[in-house]
Amino acid sequence: MPYKCLQSFLRHLESQDELTRITEPVSPFLAVTSLAQKEAVAKCPNPSATAMTFDAGREGYGGKALFIENIEGCDFPLCINVFGSYNRMEQAIGCEDGGFESIANTIEKFTNTAPPSGIGELITMAKQFKPLLNMKPKRRKGNGLCQEQVKYVKNDDVDLTQLPLIKCWPSDGDPRKVGYDFSPEQAGTSEGKGRYITFAGVHTIHADDRFESKPKSHNIGMYRVQLLGPTTLAMHWHIHHDGAAHWRSWKAIGEPMPVAICFGGESVLPYAATAPLPPGMSELLMAGFLNKGGIELVRAKTVPLWVPANSEIVIEGFANTDCGDCGWEPGNPQGEELGEGAVFEGPFGDHTGFYSMPDRYPILDVTAMTHRKNPVFPATVVGPPPQEDYYLGKATERIMLPLLKVMVPDILDYHLPRFGTFHNCLFVKIKPAYLENARKVMHAIWGAGQLAWTKIVVIVNDTVDVHNEHEVFGVLGGINIQQDIEVVRGPLDILDHAAPKIGSGGKLGIDATNATNGNGIEIITVAKKQGSDGAKALELANETLGKHAKMIFAVDDHIDKEKLGEVFFNFCACFDPTRDMHYFENRIGFDGTTKMEGDERNGKGVRPWPPPLVLDSSD
């Protein structure tokens with residue numbers, strides 16, 4: 001059963017030996033990351049009983065949740081890695097008995113319901129759909145648990161620097177560390193010292209709903225938010241996310257956008273905030289469905305928004321809409337200034353394993369902060385998997401399968417490999433019924449919600465275990481490279497630094513439905529010193545390798561080519577199909593090395609390249 005608030009969930013985890021308390025003082029600068037990283041790769045006390053069916057070998061990892069009682073210089077304790085194992089994730093969303101599949105099975109019953117043929121079936125259907133009536137949020141008058149303490153900026157009550165916001169990675173918040181001649185002072189971010197909100201629900205509405213008492217557009221997104229000062233933050237959202245669309249709607253009418261940043265609440269809320277829901281469906285409805293009852297909401301104090309009543313902390317404010325859009329760089333040819341109401345937000349260590357590069361984003365002017373008595377501040381480390389977001393993402397993979405089947409009925413199952421970081425690679429199982437069935441599925445996926453941003457799609461037939469990555473790579477080695485490869489252009493996740501343009505590049509589809517196991521994959525490593533070294537290494541390999549090699553994958557020489565996960569994690573992050581594929585007479589070379597000046601090909605450029613995330617003993 002899900003839990004009413006974060007603290008009740010933490011108490012339950014402690015009773016299950018799933019939580020460790022740390023009483024010694026811990027710095028908010030990098031030290032929390034170090035502690036969380038050790039847990040992420042440790043075995044957990046209670047392995048999931050069901051995750052082995054789709055992620056065999058990883059069902060028992062994730063360590064324990066951490067409760068850090070004393071964050072240096074901060075007012076409240078911090079918890080982290082709370083959702084960082086399959087077992088804890090299942091408990092958070094109330095499916096510890098049947099796993100994620102039990103939720104998927106419930107959704108599938110709704111999606112497969114046929115119109116009733118008589119009164120008896122109508123009554124049965126009414127009983128089946130009755131739980132959906134309880135999904136709607138419960139709006140109530142008065143204060144919520146999250147408003148036991150109310151602090152207003154106008155009374156000088158608020159100081160966000162006293163919250164345990166963390167700096168996860170050494171170069172966070174310093175543009176100079178990723179190649180820009182632009183200091184944090186010039187960026188407008190120096191006072192925040194690279195600290196971020198990393199695990200909160202950001203509540204917004206579309207400007208068209210500004211006069212509605214129950215706005216249908218109420219959205220919850222989980223976005224990073226950079227600390228700027230005691231009462232200012234920098235918002236960040238990808239251009240295709242609902243929060244960004246809402247911001248553009250407020251910008252269109254010339255008004256600042258109301259925002260509420262909510263921490264904690266019901267244990268289902270973090271998952272609901274990340275779930276890729278169909279258009280028009282609120283995350284609050286998904287949360288109510290998982291919670292088996294609507295989420296309690298109360299009115300915020302200074303912004304026209306409803307907020308979860310059982311939150312630990314709520315930060316209220318207005319996002320500036322006078323500033324320009326993202327896509328700005330210092331010293332741009334147009335001579336455009338950063339402008340008022342914005343900062344050069346970032347860089348930020350991301351789940352890709354690299355820093356996401358800084359860009360222009362709006363300032364949030366905080367108006368109030370409310371919290372319960374003795375709140376706990378939730379945080380997460382954003383970095384290469386497995387982190388907490390890995391388990392949130394795999395929950396989505398399983399739970400959303402029935403809805404994906406509605407959009408693309410050919411799909412039997414699918415797998416988001418850890419090395420693909422959810423938007424770089426996808427394995428799909430179908431039962432081919434006709435020629436080019438796999439290509440139809442590829443293109444359907446590239447038009448299906450959040451999966452539209454996927455860079456590499458591999459289609460296998462129904463004899464292949466799509467969750468067994470070695471089995472998938474086995475059939476990949478047996479494809480016909482002249483017939484089974486599809487390259488197109490399209491939108492990509494803006495975190496894809498390999499894309500020739502931000503958010504735009506190539507996509508690769510591989511039809512392995514007719515393939516048999518083969519040894520046609522070769523991996524080479526390249527000691528890259530200058531642009532085109534990857535291309536030259538592929539040309540040399542083409543000349544020297546035997547005829548068996550159909551696909552040659554080149555990666556940097558610090559990567560252990562015997563570890564397929566490491567190889568393809570780096571390959572997927574550093575490869576663009578429209579620039580980095582080299583066609584030889586009987587094979588194809590794929591250049592997955594770090595790109596630099598001199599690697600431009602086919603009219604496709606190379607953008608500023610971010611450094612990988614490293615947290616070593618000197619940090």
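The first residue in the sequence is number 1, and the count goes up from there. Because the structure is a prediction, the values reported are computed rather than measured.
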So, taking the atom named SG in Cys262 and the one named CG in Leu269, what distance separates them when rounded to the nearest 0.5 Å? 9.0 Å
Which atom pair, heavy atoms only, marks the closest approach of Arg372 to Ser311? CD-O, 4.3 Å
For the side chain of Asp389 and the backbone of His351, is there at least one donor-acceptor N/O pair under 3.5 Å apart? no
Please examine the side chains of Thr454 and His423, heavy atoms only from C-beta on, and report whether any two atoms are closer than 4.5 Å. no
Is there a donor-acceptor contact under 3.5 Å from the side chain of Glu397 to the main chain of Leu416? yes
Hey, could you give me each pair passing side-chain hydrogen bond (donor to acceptor under 3.5 Å, both in side chains) that has a residue in residues 162-172? Not counting sequence neighbours. none
Are any side-chain N or O atoms of Lys4 and backbone N or O atoms of Asn310, one a donor and one an acceptor, separated by less than 3.5 Å? no
Heavy-atom check, side chain of Phe568 versus side chain of Cys425, under 4.5 Å: no
What is the minimum heavy-atom distance between Ile399 and Met286, and which atoms define it? CG2-CE, 4.1 Å
Roughly how far apart are Glu69 CD and Leu78 CG, rounded to 0.5 Å? 12.0 Å
Is the side chain of Ser85 donor-acceptor paired with the backbone N or O of Gly62 at a distance under 3.5 Å, no angle test? no
Does Tyr61 OH have over 12 foreign heavy atoms under 6.0 Å away? no
Please check if the distance between the ring centroids of Tyr361 and Trp237 is under 6.0 Å. no
Spacing of CE belonging to Met235 relative to CG belonging to Leu364, to within rounding of 0.5 Å: 5.5 Å
So Pro164 and Pro28, do their side chains get closer than 4.5 Å, heavy atoms only? no
Backbone N or O of Thr380 within a donor-acceptor pair of the Thr198 side chain at under 3.5 Å? yes
Test Glu316 against every option in Thr367, Thr370, Thr302 by the side chain to side chain donor-acceptor pair (under 3.5 Å) rule and name the one that passes. Thr302
Please determine whether side-chain hydrogen bond (donor to acceptor under 3.5 Å, both in side chains) holds for the pair Glu90 and Thr50, giving the CA-CA distance in whole Å, both sets of side-chain angles, and the decisive distance to 0.1 Å. CA-CA 10 Å; Glu90 289 164 354; Thr50 59; 3.1 Å; yes
May I ask you to test the Leu564-Phe419 pair for a side-chain heavy-atom distance under 4.5 Å? no
Ile239 atom CD1, neighbour heavy-atom count above 12 within 6.0 Å: no
Could you measure the distance from the OG1 atom of Thr352 to the CZ atom of Phe422? Nearest 0.5 Å is fine. 13.0 Å
Would you confirm whether Arg88, through its side chain, and Asn81, through its main-chain N or O, come within 3.5 Å as a donor-acceptor pair? yes
Please verify the inter-ring angle class for Phe83 with Phe9; under 30° counts as parallel, over 60° as perpendicular, anything in between as tilted. tilted
Check whether any side-chain heavy atom of Asp365 sits under 4.5 Å from a side-chain heavy atom of Thr232, and report yes or no. yes
With no hydrogens and no angle check, just 3.5 Å: does a side-chain donor-acceptor pair link Asn570 and Glu566? no
Whether Arg418 and Glu469 form a salt bridge (side-chain N of Lys/Arg under 4.0 Å from carboxylate O of Asp/Glu) is what I want to check. no
Option among Phe263, Phe76, Phe67 that satisfies the ring pair (Phe, Tyr, Trp, His ring centres under 6.0 Å) test with Phe377: Phe263
Say you draw a straight line from CZ of Phe348 to CD of Gln226; how long is it, rounded to the nearest 0.5 Å? 9.0 Å
Side-chain heavy-atom pair Arg11, Gln7 within 4.5 angstrom cut-off: yes
Checking salt bridge (Lys or Arg N to Asp or Glu O under 4.0 Å) for the pair Glu266/Lys138: CA distance, chi angles, key distance, verdict? CA-CA 13 Å; Glu266 285 81 355; Lys138 300 175 181 177; over 6 Å; no
Side chain to side chain donor-acceptor pair (under 3.5 Å), paired with Thr204, selected from His246, His218, His241: His246
Walk me through whether Ile261 and Leu233 qualify under side chain to side chain contact (heavy atoms under 4.5 Å, CB included). CA-CA 11 Å; Ile261 304 172; Leu233 298 161; 3.9 Å; yes
Carefully, step by step, assess Tyr180 and Met357 under the rule side chain to side chain contact (heavy atoms under 4.5 Å, CB included). CA-CA 10 Å; Tyr180 287 95; Met357 300 298 266; 3.9 Å; yes
Given Glu24 and Asn70, is the side chain to side chain contact (heavy atoms under 4.5 Å, CB included) satisfied, shown in steps? CA-CA 7 Å; Glu24 299 82 5; Asn70 185 357; over 6 Å; no
Quick check on Lys292: does its NZ atom have over 12 non-hydrogen neighbours (other residues, nucleotides or ligands) under 6.0 Å away? yes
Do any N or O atoms from the side chain of Asp359 and from the backbone of Gly327 form a donor-acceptor pair under 3.5 angstrom? yes
Phe575 versus Asn424: any side-chain heavy-atom pair under 4.5 Å? no
Counting only heavy atoms not in Lys301, do more than 12 sit closer than 6.0 Å to its NZ atom? yes
Partner of Phe54 under ring pair (Phe, Tyr, Trp, His ring centres under 6.0 Å), picked from Tyr414, Phe427, Tyr86, is Tyr86
Please report the interatomic distance CG(Leu285) to CG(Asn291), rounded to the nearest 0.5 Å. 12.5 Å
Closest non-hydrogen atom pair between Ala36 and Val381, with its separation: CB-CG2, 3.8 Å
Of the non-hydrogen atoms in Pro358 and Pro175, which two are nearest, and what is the gap between them? CG-CB, 4.2 Å
Quick one: do Thr189 and Phe344 satisfy side chain to side chain contact (heavy atoms under 4.5 Å, CB included)? Show the steps, please. CA-CA 7 Å; Thr189 61; Phe344 197 47; 5.8 Å; no
Parallel, tilted or perpendicular: ring planes of His497 versus Phe354, cut at 30 and 60 degrees: tilted
Keeping the roles fixed (side chain from Glu39, backbone from Lys64), state whether a donor-acceptor pair exists under 3.5 Å. yes
Go through Asp350 and Arg224 one step at a time and tell me if the salt bridge (Lys or Arg N to Asp or Glu O under 4.0 Å) criterion holds. CA-CA 10 Å; Asp350 234 308; Arg224 76 189 196 221; 3.3 Å; yes
Just wondering, are more than 12 heavy atoms of other shown residues or ligands nearer than 6.0 Å to CG in Asn374? no
Heavy-atom closest pair (Ala498 atom, Ala573 atom, distance to 0.1 Å) is CB-O, 3.5 Å
Flag side-chain contact, heavy atom, 4.5 Å: Trp250 against Pro256: no
Glu283 side chain vs Ala273 backbone, donor-acceptor pair below 3.5 Å: no
Main chain of Gly243, side chain of Tyr223: is a donor-acceptor contact present, judged purely on distance under 3.5 Å? yes
Correct closest heavy-atom pair for His238 and Leu495 would be CE1-CG, 3.6 Å
Close aromatic pair by centroid cut-off 6.0 Å: Tyr196 and His236: no
